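Taking it in order: structure first as structure tokens, then the write-up.
All values reported here derive from a predicted model rather than from experimental measurement. Every number for a ligand or one of its atoms is a count from 1 in the order of the listing.
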Amino acid sequence: MSKPDVLVVGAGVVGCAIAYRLARRGLSVVVLERSVPGSEASSAAAGMLAAQMESHEAGSSLSLAIASRDRFAQWAEDLRADTGIDVEYRRCGILNVAFTEEQARVAEHHAAMQSDRGLSAEPISASELRELEPAISEHAVSAIRFERDARVDPPKLLRALRIAAEHRGAQFLTGSVVRRLVVHEDRAEAIELEGGRRLSGGSIVIAAGPWSNLIPGVPLGPEDVRPARGQIVELLGPRPLIKRCIWGPGVYLSPRDDGRLLLGSTTEFVGFERLVTAGAVHDLLAAALALVPKLRELELTRSWAAFRPFTKDGRPRIGKSSVEGLLLATGHFRNGILLSPITAEMIESIVTNSPLPEGTESSVEA
Ligand SMILES: Cc1cc2nc3c(=O)[nH]c(=O)nc-3n(C[C@H](O)[C@H](O)[C@H](O)COP(=O)(O)OP(=O)(O)OC[C@H]3O[C@@H](n4cnc5c(N)ncnc54)[C@H](O)[C@@H]3O)c2cc1C
């Protein structure tokens with residue numbers, strides 16, 4: 001195989017988005033994935049594009065999240081044009097529901113911080129809430145409506161990204177376990193696979209989620225990226241009970257067009273122990289039934305656990321590293337689906353020596 005412009009390690013949503021973006025730009029890309037694309041957190045995610053709901057402080061993280069969320073409509077259209085797949089991008093909005101005056105006060109403070117910055121974060125009374133979502137418990141006292149937040153279906157997004165990237169010329173080498181990064185005189189020279197085969201690229205991008213710092217040679221410490229387990233319970237009804245994504249105490253609900261509803265999630269630091277626990281299923285169901293009592297009638301179809309790439313400061317690592325020719329695209333924690341389009345664009349800018357997307361300069365690794 002001739003040396004590609006870019007080698008990407010990991011075919012989660014981040015690696016696939018980068019491959020798609022670079023291939024569209026006409027660069028040659030090879031993606032190395034030990035399993036199949038999207039086999040880890042990226043297909044397990046709830047798919048909320050919760051840029052405002054998840055941002056409790058003003059600053060570069062909020063700007064990055066908004067910039068990425070606002071790229072999704074075009075991205076979904078591009079993917080449909082390239083593959084025919086509807087990734088179920090729906091600008092349905094997110095409601096943050098309060099059950100006590102104290103919860104309402106905290107939520108209003110969060111909303112005020114965003115309204116002050118010109119973002120839509122609208123306080124909703126209990127009666128308005130029931131008009132919008134009649135299935136929500138009558139004990140709710142108020143809500144905040146983030147009407148621009150949205151959702152996608154992660155497994156469909158992953159399938160579309162992979163097909164679109166391949167269609168544009170990217171090559172996926174599945175079943176390729178990366179054993180180490182070969183560094184010579186502080187320059188990333190090659191990737192060595194299990195079995196000893198070596199591949200090199202003009203640039204190498206590490207997008208291996210919470211495994212990124214476990215690849216020998218990658219300049220990330222053991223605490224730089226850690227797995228944070230999240231569990232999800234899936235329910236199925238004959239038709240969608242709620243239209244929007246809904247957050248309440250101890251749970252969020254993310255609907256699908258086909259009547260499925262994802263209840264999430266936990267954040268647990270238990271290493272790579274892939275378990276669904278009785279306690280988590282109990283807690284998620286209890287919180288969800290308190291939020292929407294009619295969920296009691298739905299079928300419990302599945303549950304699963306996966307690992308988010310957590311970083312201590314909550315910021316992803318996107319950009320250059322201390323090793324020349326090696327780029328990082330990892331640590332997206334709770335928002336990797338949301339941040340995938342902007343991450344891909346940032347990596348494209350660096351690889352092609354172009355200006356970074358507006359407003360992302362302070363989010364990039366030097
Ligand atoms: C329960 C849950 C709910 C979530 N909900 C949301 C949500 O609603 N919205 C949102 O934006 N985000 C959500 N997330 C977070 C999101 O899923 C992650 O941030 C995102 O998937 C990370 O993508 P990634 O590509 O970095 O990592 P991953 O999806 O983990 O992909 C990394 C890939 O690298 C491969 N790999 C690793 N090591 C090697 C190696 N040595 N050789 C070859 N390949 C390797 C893996 O097999 C894997 O396919 C959720 C996560 C969880 C767990």
So, 4.0 Å and heavy atoms of S340: is ligand 1 close enough to count as a contact?
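In this structure, S340 fails to qualify as a contact of ligand 1 - no heavy atom is under 4.0 Å.
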Heavy-atom gap G264 to ligand 1 smaller than 4.0 Å
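No, that is not the case, since the closest heavy atom of the residue is not under 4.0 Å from the ligand.
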Numbering the atoms of ligand 1 from 1, which are under 4.0 Å from a heavy atom of [X]?
X	answer
S176	42 (N), 43 (C)
R308	51 (C), 52 (C), 53 (C)
S42	20 (C), 21 (O), 23 (O), 24 (P), 25 (O), 28 (P), 29 (O)
I232	1 (C)
N335	10 (C), 11 (O), 12 (N)
A45	3 (C), 4 (C), 5 (N), 6 (C), 13 (C), 14 (N), 17 (O), 50 (C)
M48	7 (C), 8 (O), 9 (N), 10 (C), 11 (O)
P210	30 (O)

Counting only heavy atoms from other residues, nucleotides and ligands, does the tally under 6.0 Å from [atom1] of [X] exceed 12?
X	atom1	answer
H282	NE2	no
E128	CD	yes
D186	CG	no

Say whether, by atom type as modelled, one donor and one acceptor occur between the side chain of [X] and the main chain of [Y] under 3.5 angstrom.
X	Y	answer
S340	I337	yes
S142	S125	no
E122	E147	no
Q114	S120	no

Interatomic spacing from OG in S55 to NE2 in H110 - rounded to 0.5 Å:
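It comes to 6.5 Å.
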Inter-residue atom distance C92.SG - I242.CD1, 0.5 Å rounding
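It is 8.5 Å, given to the nearest 0.5 Å.
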Flag [X] as yes when one of its N or O atoms lies below 3.5 Å from any N or O atom of ligand 1, and as no otherwise.
X	value
W211	no
G47	yes
G38	no
F333	yes
A306	no
A41	yes
V13	yes

Will you find, in the side chains of T277 and R229, an N or O donor that is under 3.5 Å from an N or O acceptor?
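There is no such pair (donor and acceptor under 3.5 Å, judged by atom type) between the side chains of T277 and R229.
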Donor on one side chain, acceptor on other, Y20 and D82, under 3.5 Å
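Present: a donor and an acceptor within the cut-off.
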Looking only at protein heavy atoms, identify the closest one to [atom] and say how far it is in Å.
atom	value
atom 5 (N) of ligand 1	A46 N, 3.1 Å
atom 11 (O) of ligand 1	L338 N, 2.8 Å
atom 34 (O) of ligand 1	G10 CA, 3.3 Å
atom 27 (O) of ligand 1	G209 CA, 3.5 Å
atom 31 (O) of ligand 1	G12 CA, 3.4 Å
atom 49 (O) of ligand 1	E33 OE1, 2.7 Å
atom 42 (N) of ligand 1	V178 N, 2.9 Å
atom 44 (N) of ligand 1	R34 N, 3.1 Å

Are any of the side-chain nitrogens in [X] or [Y] under 4.0 Å away from the carboxylate oxygens of its partner?
X	Y	answer
D257	R151	yes
E77	R80	no
E40	R34	yes

Where does [X] meet ligand 1, judged by heavy-atom distances below 4.0 Å: at the side chain, the backbone, both, or neither?
X	result
S212	neither
A208	both
R334	backbone
Y252	side chain

Would you please test V29 and D5 for side chain to side chain contact (heavy atoms under 4.5 Å, CB included) and show each step?
CA-CA 6 Å; V29 186; D5 295 318; over 6 Å; no
Classify the angle between the aromatic ring planes of Y252 and W247 as parallel (below 30°), tilted (30 to 60°) or perpendicular (above 60°).
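Plane angle between 30° and 60°, so tilted.
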Using the ring of each side chain (for Trp, its six-membered ring), is F72 parallel, tilted or perpendicular to Y89, with breaks at 30° and 60°?
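Rings of F72 and Y89: parallel, as their planes differ by under 30°.
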Working for side chain to side chain contact (heavy atoms under 4.5 Å, CB included), residues T174 and R162:
CA-CA 12 Å; T174 56; R162 190 247 170 104; 4.3 Å; yes
With atom 22 (C) of ligand 1 as the reference point, say which of P227, P309, A51, P316 has the nearest heavy atom.
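The option holding the nearest heavy atom is P309.
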Which residue from G230, P154, G336 reaches closest to atom 20 (C) of ligand 1 through any of its heavy atoms?
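Going through G230, P154, G336 one by one, G336 has the nearest heavy atom to atom 20 (C) of ligand 1.
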